[in-house]
Number of protein chains: 2
Amino acid sequence: MAAEAPAPRAQYDVHRLLAVAVQVFIERGYDGTSMEDLARATGITKSSIYHHVESKEQLLRLALDRALGALFAVTEEVGFTAGPAIDRLRYVLGREVEVLCAELPYVTLLLRVRGNTEIERWALERRREFDRFVRAIVVEAAADGDIRADLSPALVERLAFGMINSITEWYRPGRVDVDDLKTTVVAIIGTGLGGAR
Amino acid sequence: MAAEAPAPRAQYDVHRLLAVAVQVFIERGYDGTSMEDLARATGITKSSIYHHVESKEQLLRLALDRALGALFAVTEEVGFTAGPAIDRLRYVLGREVEVLCAELPYVTLLLRVRGNTEIERWALERRREFDRFVRAIVVEAAADGDIRADLSPALVERLAFGMINSITEWYRPGRVDVDDLKTTVVAIIGTGLGGAR
DNA sequence: GTGCGCCGACCGTCCGTTCGGTCGGCCGCC
DNA sequence: GGCGGCCGACCGAACGGACGGTCGGCGCAC
């Protein structure tokens, strides 16, 4: 084994560090991930991580900010705010699939948050706020007669988003076409809610 | 404050201990739950817990056994094994909703397993085995022409069970009628997959 | 020289677990 | 009936190791 030049030192900034951290958080869970785990994954020491971030929890906060930012951005789009409720519902279903696939690690982490710390409880509250936006659309679509009268709007919203959120458990970029996925979700739910349309 | 007789000692056996532990695991996550958390929840000391179980991990194992046992029991029922594939699919969808609601804490914990330990990896493999059973039914239903030709059976299986599994995130016994829930799920997915039937 | 990124050694606290012991109930024997 | 022994459930103290984080210093590029 010939002597080798020392490996170049890994170079990190906070964004690159966050990306690695989030992957490990997803794999091992936030609580199941130690700073030593992050050190191994990054190739820099535990203490070096603290040059970039103040704490383990700050990493979580940064990731959750990113996920929530992407989700809430959808609520400001014209497709979310204008038009018949059933169209808005289809729109948000499709957009959420897209956001989820585009920000997969961050949204995945968001969906797995418990309530053990203040930051986690904040994220849970933000998610509830988002759910209320969407629930309102479902209720309106039902009032418009666009959803089968035998289905409860509350149940519908939960089950529909439950399906979408479950994508985080198996979707891997590049293996499934995002448009196919989006189309399938909207097709199943759209048809299931109101029949052919 | 009058002097009080000492509180009677709490009395536990392994089953009662497990039930409490699983609730705490769900609330805080397995890795986010310390034995001290369990001691607080049970009212007995950390060390007393070790009279009933060998380790924290054994608690996890017992819970996962119970969840997997209930899930796999469905695969031996006549409705799972006999009849046209599309009927079997509806059957398993409905039965899984029932199992999930009946064994809510245990299945919830199962669905949240990471792969950090041998036991967790075992549970993940068992889940994959179950998924393969169900995938086969979906594929057969598609071959029978009972599922829209534009939907991929693999996607369908994942999205359908994603929806069902998401129930663990919000279902609470007594607030939603299990039969309503089951009917809604089967209706949305059944209709979404193949149109009215 | 300066600033950024990194390092190893170290810290106090918490972790899951062990160990020797206590307590209360039950049972058998005298 | 009373006593001793056994049992299961429980206790407090302590253990070794892991945890998230701190600190003083080094290396490198500009």
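Please read all numbers here as calculations on a predicted model, not as lab measurements. We name chains A, B, ... by the order of the sequence lines, and we start the count at 1 in each one.
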Nearest-neighbour nucleotide for the A:Thr45 side chain, C:dC6, C:dC7, D:dC11 considered: C:dC7
Residues in salt bridge (Lys or Arg N to Asp or Glu O under 4.0 Å) with A:Lys182, at least two apart? A:Glu98
Checking only heavy atoms, does the side chain of B:Ser47 share a donor-acceptor pair with the base of D:dG12 at less than 3.5 Å? yes
Is it true that a side-chain atom of A:Arg88 and a backbone atom of A:Gly79 form a donor plus acceptor pair closer than 3.5 Å? no
side-chain N/O B:His51 vs D:dC11 OP1/OP2, d < 4.0 Å: no
Quick one: side-chain contact (heavy atoms from CB on, under 4.5 Å) partners of B:Asp31, sequence neighbours excluded? A:Asp31, B:Asn116
Are the charged groups of A:Arg135 and A:Glu157 less than 4.0 angstrom apart, N to O? yes
B:Ile49 CD1 to D:dC11 C1': how many Å, rounded? 13 Å
Once you round it to whole Å, what is the distance between P of C:dG16 and CG of B:Leu59? 11 Å
Set of side chain to side chain donor-acceptor pair (under 3.5 Å) partners for B:Tyr30, sequence neighbours left out: none
It should be established whether B:His52 places a side-chain nitrogen or oxygen under 4.0 Å from OP1 or OP2 of nucleotide D:dC10. yes
Tabulated below should be each protein N or O lying under 3.5 Å from an N or O of nucleotides 18-20 of chain D; please produce it.
| unit_1 | atom_1 | unit_2 | atom_2 | d |
| --- | --- | --- | --- | --- |
| D:dG20 | OP1 | A:Thr33 | O | 3.2 |
| D:dG20 | OP1 | A:Lys56 | NZ | 2.9 |
| D:dG20 | OP2 | A:Met35 | N | 2.6 |
| D:dG20 | N7 | A:Lys46 | NZ | 3.0 |
| D:dG20 | O6 | A:Lys46 | NZ | 3.4 |

A:Glu54 CD to C:dG5 P, in whole Å, measures 15 Å
C:dC4 C1' sits how many Å from A:Asp13 CG, rounded? 12 Å
All salt bridge (Lys or Arg N to Asp or Glu O under 4.0 Å) counterparts of A:Arg132, not counting sequence neighbours: A:Glu125
Please report the distance, rounded to the nearest Å, between CD1 in A:Ile44 and C1' in D:dG27. 15 Å
Tell me whether the side-chain N/O atoms of B:Ser48 come closer than 4.0 Å to OP1 or OP2 in D:dA9. no
Calculate the interatomic distance between A:Arg16 atom CZ and C:dC4 atom C1'; express it in whole Å. 15 Å
Not counting sequence neighbours, which residues clear salt bridge (Lys or Arg N to Asp or Glu O under 4.0 Å) with B:Asp65? List them please. B:Arg61
